[in-house]
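From a predicted model like this one, the values you see are computed outputs, not experimental measurements.
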There are 2 protein chains.
Amino acid sequence: MDISARADYAVRALLVLAEDADGDVAHPADELARRAGVPAKFLEAILGDLRRAGFVTSRRGSRGGYLLARDPHDVTLGSVLRTVDGPLAEVRGQRPHETHYDGAAQHLATVWVAARAALRDILDETTLADVLAGDLPAHVRALAEPPEAWQSR
Amino acid sequence: MDISARADYAVRALLVLAEDADGDVAHPADELARRAGVPAKFLEAILGDLRRAGFVTSRRGSRGGYLLARDPHDVTLGSVLRTVDGPLAEVRGQRPHETHYDGAAQHLATVWVAARAALRDILDETTLADVLAGDLPAHVRALAEPPEAWQSR
DNA sequence: TATATTTCCTAGTTGTCCACTAGGTTTTAT
DNA sequence: ATAAAACCTAGTGGACAACTAGGAAATATA
């Protein structure tokens with residue numbers, strides 16, 4: 001699992017937007033970049049992707065900027081990662097379920113599919129609102145709770 | 001989760017070796033390449049990594065080749081992937097537990113750590129012997145069982 | 001002991017993607 | 001009219017991925 005800078009920045013910018021999802025005020029890319037701590041020009045490009053994918057809307061010109069287009073409760077991290085980074089899981093550039101093995105490796109595809117399913121269980125169940133509130137789904141919290149989850153291997 | 005060609009090939013070659021883990025016969029890289037269906041010269045390089053990491057031993061010269069150095073029951077897919085591809089999970093080049101966020105993204109690290117833990121639960125629990133026998137751990141099978149696990153998103 | 005076999009090592013090559021930056025054009029509130 | 005912003009095109013530099021080529025050293029066997 002390689003979360004790219006793009007993906008990380010996308011999520012962080014959306015979280016900042018979700019934080020201020022109150023009114024009708026648009027947030028310029030510069031402001032978001034400053035508050036999320038990411039490179040401004042790069043974020044501008046990422047916000048373009050997020051707009052085309054329907055996560056944010058934009059207003060041009062003075063007083064312009066970006067607004068969250070959806071309820072933070074309905075935006076999963078998985079959906080963000082997919083639009084910015086492509087599929088959650090790939091094996092040699094193929095989707096896990098499209099891999100085909102024979103002989104000794106026959107059952108390998110099952111493992112890859114299981115690994116992807118495990119990822120989906122986390123990323124497609126966790127929303128912007130969850131992260132913002134620090135109130136993660138129970139099974140997510142359970143996985144991150146044991147101290148060894150926070151150690152290297 | 002991006003399983004590289006290197007990693008995929010490494011696992012497949014090890015599975016072939018595990019299949020024939022009977023006697024004292026060494027298997028040349030060419031043979032493994034043919035039987036696993038991977039490029040020979042490339043596999044040679046990968047086998048070098050696997051040797052240095054202690055997964056296989058090698059014999060040079062005529063009648064030489066590679067032998068599995070460990071019991072297939074003790075070789076997890078996770079350990080293979082790590083030696084060949086590096087850490088299972090990274091966020092912008094950092095380990096998940098080393099990421100540091102503040103403000104709206106404060107709890108993001110917890111999600112990344114949970115995602116990695118989910119991956120570990122699969123990949124560090126599944127061994128070469130499991131895959132070879134098609135007898136995967138119960139929770140792995142459970143994850144791969146539902147039909148939607150085999151579909152795109 | 002000559003020979004074929006095989007690992008081992010160094011060094012490419014080609015292409016792709018990643019993380020950004022630069023600079024201009026269009027839109028729009030004030 | 002002006003300033004603020006999104007938007008768009010084009011780069012750039014570096015890293016890495018997936019290989020390939022070719023030779024040097026080791027070793028069983030005829």
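Within the 4.0 Å cut-off from OP1 or OP2 of dC20(C), at least one side-chain nitrogen or oxygen of Y9(A) is found. Taking 4.0 angstrom as the limit, R6(A) places none of its side-chain polar atoms (N or O) nearer than this to OP1 or OP2 of dC17(C).
Between D24(B) and R59(B) there is a salt bridge, since at least one side-chain N of the basic residue sits less than 4.0 Å from a carboxylate O of the acidic one. The existence of a salt bridge linking R141(B) and D130(B) is excluded, since no basic side-chain nitrogen approaches an acidic carboxylate oxygen closer than 4.0 Å. With respect to R34(A) and E31(A), no salt bridge is recorded, no charged nitrogen being found less than 4.0 Å from a carboxylate O.
Between the CZ atom of R60(A) and the P atom of dA6(D) there is a distance of 10 Å, given to the nearest Å. When the C1' atom of dT26(C) is taken as reference, atom CZ of R59(A) falls 18 Å away, rounded to whole Å. Atom CG of D8(B) is separated from atom P of dA18(D) by 10 Å (rounded to the nearest Å). Summarising the geometry, the separation between CD on E90(A) and P on dC17(C) is reported as 11 Å, rounded to the nearest angstrom. Atom pair F42(B):CZ and dA17(D):P shows a separation of 9 Å (rounding to whole Å applied). Residue I3(B) contributes atom CD1, which lies 15 Å from atom C1' of dA17(D) at whole-angstrom precision. Between the CG atom of D85(B) and the P atom of dC16(D) there is a distance of 13 Å, rounded to whole Å. In this structure, the CD atom of E44(A) is 10 Å from the C1' atom of dC8(D), given to the nearest Å.
When each of S4(A) and G65(B) is assigned the nucleotide of DNA chain C with its nearest heavy atom, G65(B) is the one assigned upstream, toward the 5' end. Residue-to-nucleotide proximity on DNA chain D shows that, of G48(A) and R63(A), the 5′-proximal contact is made by R63(A).
Open room surrounds CZ on R63(A); 12 or fewer heavy atoms of other groups in view lie less than 6.0 Å from it. Atom NE2 of H73(A) has 12 or fewer heavy atoms from other residues, nucleotides or ligands within 6.0 Å.
Backbone-only contact: G64(B) has heavy atoms under 4.0 Å from sugar-phosphate atoms and none from a base. Within 4.0 Å of R52(A), counting heavy atoms only, lie sugar-phosphate atoms of the nucleic acid but no base atom.
Distance from the side chain of D30(B) is smallest to dT7(C) among dT7(C), dC20(C), dC7(D). The side chain of P28(A) lies closest to dA5(D), out of dT21(C), dA5(D), dT20(D). In the set dC20(C), dC7(D), dC8(C), the nucleotide with an atom closest to the side chain of S58(B) is dC8(C). Ranking dA19(C), dT20(D), dA18(D) by closeness to the K41(B) side chain, first place goes to dT20(D). The side chain of S62(B) lies closest to dA4(C), out of dA19(C), dA4(C), dT7(C). For Y66(B), the side-chain atoms get nearest to dT7(C) when compared with the rest of dT20(D), dT7(C), dC7(D). Of the candidate nucleotides dT7(C), dA4(C), dA18(D), dT7(C) has the atom lying nearest to any side-chain atom of A29(B).
Of all the heavy atoms in R92(A) and D8(B), the pair that sits closest is CD-OD2, 3.1 Å.
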